[in-house]
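Every value quoted in this text rests on a predicted model; they were computed, and no experiment measured them. Reckoned from all heavy atoms, side chains included, excluding hydrogens, waters and symmetry mates. The first residue of the sequence shown is numbered 1, and numbering continues consecutively from there.
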Amino acid sequence: MKLTVGLTVNGKSETAEIEPAASLLELLRDGLGLKGTKLCCNTGECGACTVLLDGKPVNSCVTLAADAAGAEVTTIEGLADGDRLHPIQQAFIDTAAVQCGYCTPGFILSVKALLDRTRKPTMEEIEEAVSGNICRCTGYAKIVDAIVLAARRMEERG
C-alpha cells in the first residue's frame with residue numbers, strides 16, 4: 001500500500017505516491033528527478049546525500065520520505081537563483097574545492113545550514129558543520145577555504 005506525501009521541495013509544492021519504506025533520497029532522485037542529491041554509502045555515514053529538511057541538514061538516504069510530509073526540503077538544485085549561483089556554490093568553484101564533485105552538493109548544503117545560523121563561523125563550527133561529510137578525493141583544505149570565502153562574501157552582502 002502506497003502513501004501519499006505532500007511536501008515543499010525547493011519552494012515548490014509536491015505530492016508523491018511512495019512506498020512506506022522509501023527514503024527521502026529515493027523520493028527526490030527517482031520520484032522528483034532531482035539528481036543533484038547523491039547516493040553513496042546508503043547508510044548515512046558519508047553525507048553525499050545531505051539535503052536540508054526544514055533548514056537542518058539530514059542524510060536523505062536514511063530519512064524516510066514519509067517523515068518529510070509537510071516539510072520544506074532544499075536540495076542543491078534549489079540554491080541557485082536562475083543562472084546566478086549561490087555564494088557558497090561560487091566559493092567552491094573559486095577555490096577549486098569541487099574536486100570530483102560527488103560529495104560537493106552535500107558539503108554545500110551542510111555549509112548553507114551553518115551560514116544560515118551564523119555568518120562568522122569559527123573554525124571549530126566549520127569543522128563541526130561538515131563533520132558528517134566525507135571527501136574521498138583529497139584533503140579538506142580547499143573546502144575549508146571555500147567555506148571561509150563564502151562566509152565572508154555573505155557577510156559583506158548582509
Side-chain angles (χ1 to χ4, degrees), residues 5-16 23-41 44 46-63 65 67-123 125-137 140-158:
V5 174
L7 67 162
T8 302
V9 180
N10 299 329
K12 180 180 173 190
S13 293
E14 301 279 0
T15 301
S23 69
L24 180 56
L25 177 65
E26 292 170 319
L27 171 60
L28 294 170
R29 288 184 59 86
D30 303 333
L32 302 178
L34 298 169
K35 305 292 187 184
T37 306
K38 303 302 183 199
L39 170 61
C40 193
C41 71
C46 74
C49 65
T50 301
V51 298
L52 301 181
L53 183 63
D54 289 332
K56 296 181 180 170
V58 299
N59 292 315
S60 63
C61 70
V62 294
T63 300
D67 288 342
E72 184 168 327
V73 176
T74 303
T75 71
I76 195 69
E77 290 92 345
L79 287 191
D81 182 14
D83 291 338
R84 187 173 169 193
L85 293 177
H86 188 281
I88 300 169
Q89 293 170 306
Q90 191 61 55
F92 269 68
I93 292 169
D94 293 345
T95 60
V98 174
Q99 302 171 99
C100 86
Y102 204 81
C103 66
T104 303
F107 268 103
I108 287 174
L109 289 165
S110 291
V111 173
K112 173 134 182 7
L114 168 67
L115 297 181
D116 285 348
R117 289 192 313 271
T118 179
R119 292 292 167 98
K120 293 183 178 181
T122 65
M123 199 53 64
E125 290 171 321
I126 289 171
E127 290 173 3
E128 173 65 27
V130 297
S131 64
N133 297 86
I134 296 172
C135 172
R136 290 176 170 86
C137 293
Y140 294 81
K142 290 182 179 184
I143 292 170
V144 171
D145 290 347
I147 297 167
V148 170
L149 179 60
R152 190 183 77 225
R153 286 178 176 170
M154 291 174 70
E155 175 69 18
E156 290 170 357
R157 280 186 5 180

Quiz item: Looking at residues at least two apart in the chain, or sitting in another chain, which of them share a side-chain hydrogen bond (donor to acceptor under 3.5 Å, both in side chains) with Q90?
Solution: D94
Quiz prompt | R84 (side chain) donor-acceptor with A80 (main chain) under 3.5 angstrom | solution = no
Enumerate donor-acceptor pairs with a distance under 3.5 Å from any side-chain N or O in residues 54-62 to protein atoms, sequence neighbours excluded.
residue, atom, partner, partner atom, Å
D54, OD1, E72, N, 2.8
N59, ND2, G44, O, 3.0
S60, OG, C49, O, 2.7

Quiz item: If every non-hydrogen atom of S131 is compared with every non-hydrogen atom of E128, which pair is closest and at what distance?
Solution: OG-O, 2.8 Å
Exercise. Would you mind reporting whether I88 and L79 have side-chain heavy atoms less than 4.5 Å apart?
Key: no
Quiz item: Which pair of heavy atoms, one from K142 and one from A96, lies closest together, and at what distance?
Solution: CD-O, 3.3 Å
Quiz item: Does L27 reach the side chain of L7, with side-chain heavy atoms less than 4.5 Å apart?
Solution: yes
Quiz item: Counting only heavy atoms not in E155, do more than 12 fall under 6.0 Å of its CD?
Solution: yes
Quiz item: Who pairs with T75 by side-chain hydrogen bond (donor to acceptor under 3.5 Å, both in side chains), at least two apart in sequence or on another chain?
Solution: N10, E77
Quiz item: Under the 3.5 angstrom rule, does the side chain of R29 hit a backbone N or O of K35 as a donor-acceptor pair?
Solution: yes
Practice problem: List the atom of L149, the atom of T95, and the distance in Å for their closest heavy-atom pair. | Solution: CD2-CG2, 3.8 Å
Practice problem: Could you tell me whether the side chain of T50 reaches within less than 4.5 Å of the side chain of F107, counting heavy atoms only? | Solution: no
Practice problem: Identify, with sequence neighbours excluded, every residue that meets salt bridge (Lys or Arg N to Asp or Glu O under 4.0 Å) alongside D67. | Solution: none
Quiz item: Taking only residues two or more places apart in sequence, or in another chain, which ones meet R117 in a side-chain hydrogen bond (donor to acceptor under 3.5 Å, both in side chains)?
Solution: none
Self-check item: Minimal non-hydrogen separation, A146 against A97, with atom names
Solution: CB-CB, 3.9 Å
Quiz item: If we only count heavy atoms from C-beta on, is the I134 to C103 side-chain gap below 4.5 Å?
Solution: no
Exercise. Sort and list the pairs that fulfil side-chain hydrogen bond (donor to acceptor under 3.5 Å, both in side chains) and have at least one residue in residues 96-110, not counting sequence neighbours.
Key: S110-N133
